[in-house]
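Side chains are part of it too, since the values below use all heavy atoms of this structure and drop only hydrogens, waters and symmetry mates.
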Number of protein chains: 2
Amino acid sequence: MYSSELIKGTLKTIILKLLSENEKMYGYELTQKVKDMTGGKIQLTEGALYPTLHALENQGILTTEVVNVGNRLRKYYAITPSGRKIASEKVNEFTDFIATMITLLDLKPNLG
Amino acid sequence: MYSSELIKGTLKTIILKLLSENEKMYGYELTQKVKDMTGGKIQLTEGALYPTLHALENQGILTTEVVNVGNRLRKYYAITPSGRKIASEKVNEFTDFIATMITLLDLKPNLG
DNA sequence: TTAATATACATAATTTTCTTATGTATTTAT
DNA sequence: ATAAATACATAAGAAAATTATGTATATTAA
């Protein structure tokens, strides 16, 4: 796990990117996907995730669909066209940011 | 300029790395150095910078030396040995974080 | 020459964003 | 049966930034 401060500011970008690649995902699924893909290095907390998902829905960036699975409800989120545009912008901005930070900190990133 | 949320959490790393490379720098100098090195893409704000410098000093990570230049005072900050170790750890963590994010977001960073 | 900009520090109020804690409830594994 | 995992949600508090404000000197441009 990284010191929490590093991860700050990347939550929206992560959510939007994953929802750009998968037509629908639910909250818990997002937490597991991120945990798996990062070897546990990034773990989304519910207290941060759910309010952010709600906010993105209120802004029209995501839409929801509640599904009953067994006896439990599962709330699927899907990205809207405008959300897809925002996702792309956010990813581009983050890519640029990384390049800038590599220069500024004189990093030698080990790219697999 | 990046959306502010992205830069969050990187301030300490930036300060400590620059002070690892330069034996002493003052606050305003740090703002200008970062602005120059990033082509204006990252601009440290005084409201964030000064409280952070004070905190790092209180933690024994930085030491200060006030110098009179003309009629104005300039407060130079220098990194301590323990601070140098923390700087190195922070830079390593950030490098690892970048690698993780590149994987997670499937980025193709354009490395000069 | 005077007005604006740059240099140089500092702090307070507010906002944003996250963590931590708490709550409910079902399902699966031990 | 009990614990852990699945699945949602929200509220209180902390952390870290932004924005605004304040003081003061030095330099540049009108």
Candidate nucleotides D:dA9, C:dT19, C:dC9, ranked by approach to the side chain of B:Tyr26 - the nearest: C:dC9

Listing, residues 40-49 of chain B side-chain donor-acceptor contacts under 3.5 Å, not counting sequence neighbours, or none:
residue	atom	partner	partner atom	Å
B:Lys41	NZ	A:Asp96	OD1	3.1
B:Lys41	NZ	A:Asp96	OD2	3.3

Starting at atom CD of A:Gln43, determine the distance to atom P of C:dT19, rounded to an integer number of angstrom. 11 Å

From C:dC18, D:dA17, D:dC8, nucleotide with atom closest to B:Ala48 side chain: D:dA17

Does B:Val91 offer a backbone N or O that forms a donor-acceptor pair with the side chain of B:Thr13 under 3.5 Å? no

Tell me which of B:Thr10 and A:Gln32 sits closer to the 5' end of DNA chain D, going by the nucleotide each one is nearest to. A:Gln32

Rounded to whole Å, please give me the gap between CD in B:Glu29 and C1' in C:dC9. 14 Å

Interatomic distance, B:Lys17 atom NZ to A:Met101 atom CE [nearest 0.5 angstrom]: 11.0 Å

Figure out the CZ/P separation between A:Arg74 and C:dT27, and round it to whole Å. 12 Å

Does A:Tyr50 have a side-chain nitrogen or oxygen under 4.0 Å from the phosphate oxygens OP1 or OP2 of D:dA9? no

Value in whole Å for how far the P atom of D:dA26 lies from CG of B:Leu73: 11 Å

With sequence neighbours left out, which residue pairs that include part of residues 59-83 of chain A fulfil the ring-ring contact (aromatic ring centres under 6.0 Å, His included) condition? A:Tyr26-A:Tyr76

Interatomic distance where CG belongs to B:Leu30 and P belongs to C:dA10 [whole Å]: 12 Å

Interatomic distance, B:Ile42 CD1 vs D:dT18 P [rounded to whole Å]: 11 Å

Tell me, please, which residues at least two apart from B:Glu65 pass salt bridge (charged side-chain N to carboxylate O under 4.0 Å, His left out). none

With B:Thr64, the side chain to side chain donor-acceptor pair (under 3.5 Å) member among B:Lys75, B:Lys24, B:Glu57: B:Glu57

How long is the straight-line distance from CD1 of B:Ile15 back to OG of B:Ser20, given to the nearest 0.5 Å? 11.5 Å

Can you tell me how far the CG atom of B:Leu105 sits from the OG1 atom of B:Thr100, to the nearest 0.5 Å? 10.5 Å

Might you list the N or O atoms of the protein lying below 3.5 Å from N or O atoms in nucleotides 22-26 of chain C, with each pair's distance?
residue	atom	partner	partner atom	Å
C:dT26	O2	A:Arg72	NH1	2.2

Rounded distance (Å) that lies between atom P of C:dC18 and atom CG of A:Leu44: 10 Å

State which residues pass ring pair (Phe, Tyr, Trp, His ring centres under 6.0 Å) with B:Phe94; sequence neighbours excluded, sorted by chain then number. none

Atom-to-atom span, NZ of B:Lys12 to C1' of D:dA16 - whole angstrom: 9 Å

Could you check whether B:Gly47 gets within reach of a base, just the sugar-phosphate, or nothing at all, counting any heavy atom under 4.0 Å? base

Contacts to DNA chain C from residues 51-59 of chain B, heavy-atom cutoff under 4.0 Å, which residues? B:Pro51, B:His54

